[in-house]
2 protein chains.
Amino acid sequence: MIDNWHQTGVALRAPSKKAKQRAASLEQILDAAEIVFARRGHDGGTIQDVAKECDVHTSLIHYYFRNKEALFESVFRRRADVTSERRMAALEQYERTAGEHPSVEGALRAFLDADFDLYCQGGPQWMAFAAFCARLGHTPEGATLVDEQFNPVVLKLIGILKRALPDLSEQDVFWGFHFVTGALLHSLCNTGRLDHLSAGLCRSDDFEAIKARMANFMAAGFRALRSREM
Amino acid sequence: MIDNWHQTGVALRAPSKKAKQRAASLEQILDAAEIVFARRGHDGGTIQDVAKECDVHTSLIHYYFRNKEALFESVFRRRADVTSERRMAALEQYERTAGEHPSVEGALRAFLDADFDLYCQGGPQWMAFAAFCARLGHTPEGATLVDEQFNPVVLKLIGILKRALPDLSEQDVFWGFHFVTGALLHSLCNTGRLDHLSAGLCRSDDFEAIKARMANFMAAGFRALRSREM
DNA sequence: ATTATCTATAGATCTATAGATAATGC
DNA sequence: ATTATCTATAGATCTATAGATAATGC
């Protein structure tokens, strides 16, 4: 929240009580929807669930958001720009420091860590957003939304990867990225499967552990594809 | 279908017309449900969709399957044993041929290829089953079902991986497997994202291309985790 | 007589809207 | 006067069942 209204000469009105109320309600509803849709998916989560979660009446949700689709998309849009801009900035920053010879691992680290840090340190709502996006990412309908939002950043990453791996075919770069995406989305989903499987040795919500391993693991994978071609 | 009824002495009756009808209807319904749930998920797919898909009335579905849950689970159970037994057999076969020194890549190849071959060569219903399982695998509710079915095979794989990587910590083996699972499920999901991203260069339903790369890629990842520990 | 299939419908959600009421704004 | 919130309810699904009808079995 930026309160620039009392320092500009242009007499921007102070936010009225109603404006504040409105903003607060919008946020409450979006927070609740984020949690509900992250937990139960687009089809499993209902407007009634959302209403219960934030203790308002369903009609208020329709008052602020035309319909379920609009609510769903608003949940995505509220944070989508933040994440893609952060990733883009991290990639550009990495490009500058790496200069002529970027490394696969460096590029992946920039791309992935920007995200993981946000989800780890951003509190439970960002965590819910992560799961929300992950579910979105592996439905065919959701894929369109995700594509539009993240393709620019992803293509940026792929560009750097190509320069880091000049002797790798373009297909292999895409397939490698496909594996990275899968592992990332599965991690963000946080299904708890690994917890059972490892008998508690690993917790699937331990994003720090994932962050510490993933770029490293995947970078080696890309390099191995290269040797496969020869 | 095994028609052992006319060669045994124990006078097993020939399947009556009704029995055949029953079997055919069951299969039709399961096929349709497999396609519907694969496409729209557990919550998005309805019994009405299934009925329309195979051109029977919804009440017939309730006649053969008590309720939606039972139908859903039957879709899973129909093929689950086939896949896990195939994988188990492939892993045991690999263990025998590899002897004292199994390799990461060999183990992964046995584990993954058993699946991919089935999905590639088993026709469209097996393809639908793949997507069905993938969606199951990244919901928290579905995870329980998947766990019960596949944990034995997965633990078998993990056992071999541990012997192939004696100097890798147990945690790292599990995290590596976590990444493999993610990439696999994402591939089976077949969202079509890669098609757009690569402007048609790669098709996300090209399981042959994935099969050719995945074990190789992931094996290198595991080895890289090892070097991280030192 | 039994089993497979369909017709009709109850009952439970769920989304969405119209219209009433309460709170703020000018 | 405008905006925020709630009440009440319409209308569209969706699951599930009861009971009728059609086909096979003995």
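The chains referred to below are lettered A, B, ... by the order of the sequence lines, with proteins before strands, and numbering in each begins at 1.
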Pair B/Leu118, B/Thr83 - check side chain to side chain contact (heavy atoms under 4.5 Å, CB included), show working. CA-CA 8 Å; B/Leu118 194 56; B/Thr83 66; 3.7 Å; yes

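A salt bridge links A/Arg78 with A/Asp31: the closest approach of a Lys/Arg side-chain nitrogen to an acidic carboxylate oxygen falls below 4.0 angstrom. Under a 4.0 Å N-O distance rule, the pair B/Asp49/B/Arg40 does not qualify as a salt bridge.
Distances were taken from every side-chain heavy atom of A/Lys17 (C-beta onward) to each of C/dA4, C/dT24, C/dA16; the shortest belongs to C/dT24. Nearest nucleotide to the B/Lys18 side chain, out of D/dT7, C/dC6, C/dT3: C/dT3. You'll find that the side chain of A/Ser25 is closest to D/dT5, out of D/dT5, C/dT17, D/dT17. Closest to the B/Ser16 side chain, of the nucleotides D/dG25, C/dT7, D/dT24, is D/dG25.
In this structure, NZ of A/Lys20 is placed 12 Å from P of C/dT24, rounded to the nearest angstrom. Rounded to an integer number of Å, the gap from B/Ile29 CD1 to D/dT15 C1' is 15 Å. In this structure, OH of B/Tyr64 is placed 18 Å from P of D/dA16, rounded to the nearest angstrom. If you measure from atom CZ of B/Arg66 to atom P of D/dA16, you get 9 Å, rounded to the nearest angstrom. B/Leu60 has its CG atom 15 Å from the P atom of D/dA16, to the nearest Å. With rounding to whole Å, A/Phe65 atom CZ is found 15 Å from D/dT5 atom C1'. Remark: P of C/dT17 and CD1 of A/Ile61 are 14 Å apart, rounded to the nearest angstrom. Atom CG in A/Leu26 sits roughly 11 Å away from atom C1' in D/dA4 (whole-Å rounding).
In this model, a donor atom of one side chain and an acceptor atom of the other lie less than 3.5 Å apart for B/Gln149 and B/Asp81. At a cut-off of 3.5 Å, with distance as the only test, no side-chain donor of A/Glu148 or B/His196 sits close to an acceptor on the other residue.
Taking the nucleotide of DNA chain D with the nearest heavy atom to each of A/His57 and B/Lys68, the more 5' of the two is matched to A/His57. Projected onto DNA chain C by closest heavy-atom contact, B/Arg22 and B/Thr58 fall at different nucleotides, the more 5' of which corresponds to B/Arg22.
Nucleic acid contact for A/Tyr63: base, since at least one base atom lies under 4.0 Å from a heavy atom of the residue.
At distances below 3.5 Å, at least one donor-acceptor pair connects side-chain atoms of A/Arg213 with backbone N or O atoms of A/Ala209.
The six-membered or imidazole ring of A/Phe222 lies near that of B/Phe217, with a centre-to-centre distance under 6.0 Å. You'll find the ring centres of A/Phe72 and A/Phe132 inside the 6.0 Å limit.
Within the structure, every side-chain polar atom (N or O) of A/His62 is placed at least 4.0 Å from both OP1 and OP2 of C/dT17. Side-chain N/O atoms of A/Ser59 include none lying less than 4.0 angstrom from OP1 or OP2 on D/dC6.
For the atom pair A/Thr139 OG1 and B/Arg39 CZ, the distance stands at 14.0 Å (nearest 0.5 Å).
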Once pairs are restricted to Watson-Crick or G-U wobble with both distances under 3.5 Å, how does DNA chain C read as a dot-bracket string, [ ] for crossings and | for other-strand pairs? ||||||||||||||||||||||||..

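Interface residues of residues 44-51 of chain A facing DNA chain C, ordered by number: A/Thr46, A/Ile47, A/Gln48; criterion, heavy-atom separation under 4.0 Å.
Considering all non-hydrogen atoms of both residues, A/Gly45 and A/Val36 come closest at CA-CG1, 3.7 Å.
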